[in-house]
2 protein chains.
Amino acid sequence: MSKPNPAPPVVDHVSDATLRGFVGYHMKRAFNVVQADLANTLKPFDLRMITYSALVLIVDNPGLRQSQLADAMDIERPNLVVIIDELERRELILREKVPTDRRAYALVPTLAGRQLCARAIEAVTSHEARLLQGVGMTEYAQVLDVLRRIEAKGTKE
Amino acid sequence: MSKPNPAPPVVDHVSDATLRGFVGYHMKRAFNVVQADLANTLKPFDLRMITYSALVLIVDNPGLRQSQLADAMDIERPNLVVIIDELERRELILREKVPTDRRAYALVPTLAGRQLCARAIEAVTSHEARLLQGVGMTEYAQVLDVLRRIEAKGTKE
DNA sequence: GCATATCGTTATGTGACATAACTATTATGA
DNA sequence: TCATAATAGTTATGTCACATAACGATATGC
């Protein structure tokens, strides 16, 4: 007769071969690295990934409304409030009243905001260059293309 | 004299051109789509991304310890406890005592666990195929290669 | 045999999200 | 025109995926 409770074998090395069959798994692992690295890069500026994105978008699109920014960042309006609060408290941006619509605020960067943004962008740029060292231009372009195509699959239908 | 408070221009379309200059931005956006799609795919099985990963790893590596699994999943041991609790409660896996080390548990899948896992893997596979339709094999291989190289940058140093 | 490390666990905190519901304001349509 | 609906920002609250600290039980190294 067979043993009722055969002892499971001792696992010396954990295999993730099955998960490696999925792009999503690779994307998550690679993105975790990028995210951790980005957090370190932004730490000297006292910015998080999310506040950095918001600041860049406000600098690039001065005068946009909070709802427009929330749309662009793909988050809900309530979650943007604290982010804007923080950027405003640090005087990197301003909430300006819109004369034609008294419900809305136009978000504009201050000089300090634009300057911090420029320095942060520079740091992030050299940071990404380090993560991508050894990746050729054509290779890079192809990866961006595939990522964009995957992204597009989400918005349609 | 210049106006003290020039009205900010009305923004009709929000540009994310600067952020598009970063791979991390593309990765986040694409991964969000994959994640949302994956969540939908796993919903019929009552699995989340994290419980799915854990189940697959246990099926592929029967007998592994919780600490090994936490290592493989890149999370801390405390966070794994509730995940294992859930899988055990649903009788998809078992915590078996390790005779040689009474501190440790060997995680083994049940028959039901292996069956659910197989069905979930199938669903996720066809799901990823849909997200990747139109992406050529060589292109796909190149993307995986770049993602792996980025991932490797995190573990070193 | 004693200090130290390891395994799983509990308690707790945080950050990035979501939903519901509110106020103030603007737009709509009968 | 005036009631109703929609929109902008906000508050309160919940969830999920993480993290750290600390603990009991056990194992290991000198």
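Both backbone and side-chain heavy atoms feed into the values below; hydrogens, waters and symmetry mates do not. In the text below, chain A, chain B and the rest are named by the order of the sequence lines, each starting its count at 1.
A:Ala120 approaches A:Tyr52 most closely through the heavy-atom pair CB-CE1, 3.9 Å. Shown here for A:Arg65 and A:Gln68, the closest heavy-atom pair between the two residues is N-OE1, 2.9 Å. Residues A:Ala72 and B:Val14 come closest through the heavy atom pair CB-CG1, 3.8 Å.
For the contact set between residues 64-74 of chain A and DNA chain D, defined by any heavy atom under 4.0 Å, the members are A:Arg65, A:Gln66, A:Ser67. Within residues 75-86 of chain A, the residues that have a heavy atom under 4.0 Å from DNA chain C are, in order of number, A:Ile75, A:Glu76, A:Pro78, A:Asn79. Contacts of residues 42-52 of chain A with DNA chain C (heavy atom under 4.0 Å): A:Arg48, A:Ile50.
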Could you list, one pair per line, each protein nitrogen or oxygen that sits under 3.5 Å from a nitrogen or oxygen of nucleotides 24-27 of chain C, together with the distance?
{"unit_1": "C:dT25", "atom_1": "O2", "unit_2": "A:Arg103", "atom_2": "NH1", "d": "3.4"}
{"unit_1": "C:dT26", "atom_1": "OP1", "unit_2": "A:Arg102", "atom_2": "N", "d": "3.0"}

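B:Leu38 contributes atom CG, which lies 4.5 Å from atom CG of B:Leu42 (distance to the nearest 0.5 angstrom). To the nearest 0.5 Å, atom OG1 of residue A:Thr110 and atom CD of residue A:Glu91 are 7.5 Å apart. Here CE of A:Met73 is found 11.5 Å from CD of A:Gln66. Values are rounded to the nearest 0.5 Å.
Put simply, chain B comes within 4.0 Å of DNA chain D, heavy atom to any atom, from D:dA17 to D:dA27, going 5' to 3'.
Between A:Asn32 and A:Tyr105, the residue anchored nearer the 5' end of DNA chain D, judged by the nucleotide with its closest heavy atom, is A:Tyr105.
Residue B:Arg95 places no side-chain N or O under 4.0 Å from the OP1 or OP2 atom of C:dC7.
Residues satisfying the side chain to side chain donor-acceptor pair (under 3.5 Å) criterion with B:Arg29, sequence neighbours excluded, are A:Glu151, B:Tyr25. Considering only residues two or more places apart in sequence or on other chains, A:Asp46 meets the side chain to side chain donor-acceptor pair (under 3.5 Å) condition with none of them. The side chain to side chain donor-acceptor pair (under 3.5 Å) test applied to B:Asp145 returns B:Arg149, not counting sequence neighbours. Taking A:Asp60 as the reference, nothing meets the salt bridge (Lys or Arg N to Asp or Glu O under 4.0 Å) condition, with sequence neighbours excluded. Under the rule for a salt bridge (Lys or Arg N to Asp or Glu O under 4.0 Å), the partners of A:Asp16 that lie at least two apart in sequence or sit in another chain are A:Arg20. Listed by chain and residue number, A:Met27, A:Leu147, A:Ile150 satisfy the side chain to side chain contact (heavy atoms under 4.5 Å, CB included) test with B:Ala30 (two or more places apart in sequence, or in another chain).
Within a 6.0 Å radius of OH in B:Tyr105, no more than 12 heavy atoms belonging to other residues, nucleotides or ligands are found.
Each of A:Val56, A:Ile93, A:Leu47, A:Ile58 was scored for a side-chain contact (heavy atoms from CB on, under 4.5 Å) with A:Cys117, with one residue passing: A:Val56.
The list of side-chain hydrogen bond (donor to acceptor under 3.5 Å, both in side chains) pairs with a residue in residues 75-90 of chain A, not counting sequence neighbours, reads A:Arg48-A:Glu86, A:Asp85-A:Arg95, A:Glu88-A:Arg95.
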